[in-house]
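The structure appears right after this line, and notes come after that.
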Amino acid sequence: MRYVLALIAVFVTGSIGYVLSNDYVSERSQQATYYQTMQVANDKARMEYLMKTGAGRTGINWATIKTDKPVSLDELTGQYQLIKRTKEEYTMHTRTYTTTDSKGHSTTHMETYWTWDYAGSESKQSENVFIDGVKTKSSKIDLPTKDLKLKKKMFNNKITYGIFFKHEGWISGNDYYTDSYTRYSYEYTPVITKYTIFANLKNKQILPLKNESMIETYDKSVSQVKNQYNQTARNAKKSYIIVVVISIVVGLVVIFTYDRLQFDDLN
């Protein structure tokens, strides 16, 4: 009987583990294979050849990505592929809380506190970028942004209109304060940058991979990204082995528990 119970326990836990982990392992293995079998372009000439031959899925090492029509915001002197200004307002809030004294009497209190709250944003982005010389819509590539480290010289001190008129505010950290209750921060993508990308090369175009809405960018080499996906697949297989081991352990626990209960009944 104990072996029957053990087999049932192993079957139940193993089945659950199989259902939960098999799809995950399969998906990660397919993903690793998908990236491992891609073509690789280490320079512009190789990329152009792969594009000419319609190579399809390709990892391009450290592609140069730039725009010929940079954008800027009125108050800034710099130019960017993308620039975003975010506004925050220092806002007062109230909340109530209750305390109870040693005699069980409850008292309700009102507390006032202040936080910097999001109050809108504005951004500008170049319509197109050139990936190693190939014109591509900016909206089709996932370019990371960075926080703009503000300095006084970055601002246009000749501006005579709008919220930054005469720049009567001040810089603190990465924020520009127009007054004690309003501040602005900035994110940007440089005019020229380099990223490893994974894309579909065909019809003289650089396009997103199948089932992706944007061209992927990585701050790693093609081989590093492939190794990353391979490691994820290996970890998934290890997790499956762990599930199998747990199933065996559960079976052994059932056998041990059954023997213990039988022994207790005899006594």
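- Aromatic ring pairs are classed by plane angle as parallel below 30°, tilted from 30° to 60° and perpendicular above 60°; the pair Tyr35 and Phe198 is perpendicular.
- How far CH2 of Trp62 is from CG of Asp43: 15.5 Å, rounded to the nearest 0.5 Å.
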Decide side chain to side chain contact (heavy atoms under 4.5 Å, CB included) for Tyr188 and Lys84; before the verdict, give the C-alpha distance in whole Å, the side-chain angles of both, and the deciding distance to 0.1 Å.
-> CA-CA 6 Å; Tyr188 77 105; Lys84 179 180 179 181; over 6 Å; no
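- Not a single donor-acceptor pair under 3.5 Å links the side chain of Arg85 to the backbone N or O of Ser123.
- Counting only distance, with no hydrogens or angles, the side chain of Ser138 and the backbone of Thr136 share no donor-acceptor pair below 3.5 Å.
- Heavy atoms only, all atoms of each residue included: Gly56 and Asn200 are closest at CA-OD1, 3.0 Å.
- Of all non-hydrogen atoms in Ile141 and Val129, the two that sit nearest each other are CG2-CG2, 4.1 Å.
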Take Tyr80 and Leu73 through the side chain to side chain contact (heavy atoms under 4.5 Å, CB included) test and state the conclusion after the steps.
-> CA-CA 9 Å; Tyr80 313 91; Leu73 294 173; over 6 Å; no
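- Cation-pi contact between Arg183 and Tyr176: absent, since separation from the ring centre below 6.0 Å together with deviation from the ring axis within 45° is not met.
- When each of Ile65, Val71, Leu143 is checked for a side-chain contact (heavy atoms from CB on, under 4.5 Å) with Thr189, only Leu143 meets the rule.
- Note that CD1 of Ile131 and CD1 of Ile206 are 4.5 Å apart. Values are rounded to the nearest 0.5 Å.
- In this structure, Thr196 OG1 and Asp219 CG are separated by 8.0 Å, a value rounded to the nearest 0.5 Å.
- Put simply, Ile60 and Leu209 are part of two different groups of oily side chains (I, L, V, M, F, W, Y) that touch within less than 4.5 Å, one to the next.
- Listed here is the closest heavy atom pair of Met47 and Leu201: O-CD1, 4.0 Å.
- Residues Tyr218 and Glu216 meet the side-chain proximity criterion, which asks for heavy atoms closer than 4.5 Å.
- For Lys152 against Ile171, the heavy-atom pair with the smallest separation is N-CD1, 3.5 Å.
- No donor-acceptor pair closer than 3.5 Å links the side chain of Ser223 to the backbone N or O of Ser221.
- The side-chain heavy atoms of Tyr181 and Thr91, taken from C-beta on, include no pair separated by under 4.5 Å.
- Under the 4.5 Å side-chain heavy-atom criterion for ILVMFWY residues, a single connected hydrophobic cluster contains both Tyr34 and Val40.
- Within the 4.5 Å cutoff, the side chain of Thr182 has no heavy atoms near those of the Tyr177 side chain.
- In this structure, a donor-acceptor pair under 3.5 Å is absent between the side chains of Thr100 and His105.
- A distance-only check finds no donor-acceptor pair linking the side chain of Thr217 to the backbone of Tyr195 [under 3.5 Å].
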Side chain to side chain contact (heavy atoms under 4.5 Å, CB included) between Met92 and Tyr113, intermediate numbers included | CA-CA 6 Å; Met92 185 180 73; Tyr113 65 99; over 6 Å; no
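- Salt-bridge check for Lys69 with Glu127: failed, with every basic side-chain N at 4.0 Å or more from each acidic carboxylate O.
- In this structure, the side chains of Ile83 and Leu76 come closer than 4.5 Å at one or more pairs of heavy atoms.
- Asn42 and Asn61 share a side-chain donor-acceptor pair at under 3.5 Å.
- For Lys140, the NZ atom is loosely surrounded, since the number of other residues' heavy atoms within 6.0 Å does not exceed 12.
- Thr98 and Ser106 make their closest contact through CG2-CB, 3.9 Å (heavy atoms, listed as atom of the first residue, atom of the second, distance).
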Evaluate side chain to side chain contact (heavy atoms under 4.5 Å, CB included) for Asp101 paired with Thr107, printing each intermediate quantity in order.
-> CA-CA 8 Å; Asp101 60 22; Thr107 305; 5.8 Å; no
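- Other residues, nucleotides and ligands contribute over 12 non-hydrogen atoms within 6.0 Å of the NZ atom of Lys124.
- Within the 4.5 Å cutoff, side-chain heavy atoms of Glu187 are placed close to those of Asp147.
- With contacts defined as side-chain heavy-atom distances shorter than 4.5 Å, the pair Glu89/Asp117 does not qualify.
- Ile197 is connected to Leu50 through a chain of hydrophobic side-chain contacts under 4.5 Å among Ile, Leu, Val, Met, Phe, Trp and Tyr, so both are in one cluster.
- When all heavy atoms are compared, the tightest approach of Pro70 to Gln79 is CB-CB, 3.6 Å.
- Distance check: Phe130 CZ to Asp132 CG gives 12.5 Å after rounding to the nearest 0.5 Å.
- Expressed to the nearest 0.5 Å, how far CD of Glu48 lies from OG1 of Thr53 amounts to 11.5 Å.
- Proximity of Thr64 to Ile192: side-chain heavy atoms (C-beta onward) are separated by under 4.5 Å at one or more points.
- Between the Ser185 side chain and the Asp175 main chain, no donor and acceptor come within less than 3.5 Å of each other.
- Checked by atom type, the side-chain pair Gln39/Thr58 shows no donor-acceptor distance below 3.5 Å.
- At a threshold of 4.5 Å between side-chain heavy atoms, the hydrophobic network of Ile, Leu, Val, Met, Phe, Trp and Tyr places Leu207 and Met38 in two separate groups.
- Proximity of Thr115 to His93: side-chain heavy atoms (C-beta onward) are separated by under 4.5 Å at one or more points.
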Can you list the steps and then say if Ser121 with Tyr118 is a side-chain hydrogen bond (donor to acceptor under 3.5 Å, both in side chains)?
-> CA-CA 8 Å; Ser121 63; Tyr118 174 79; 3.1 Å; yes
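- One finds the CD atom of Gln81 at 10.5 Å from the NZ atom of Lys66 (value rounded to the nearest 0.5 Å).
- Not one N or O on the side chain of Thr193 forms a donor-acceptor pair closer than 3.5 Å with the backbone of Pro190.
- A donor-acceptor contact closer than 3.5 angstrom is absent between the side chains of His109 and Thr96.
- The aromatic rings of Trp116 and Tyr90 lie tilted to each other, with the angle between the two planes from 30° to 60°.
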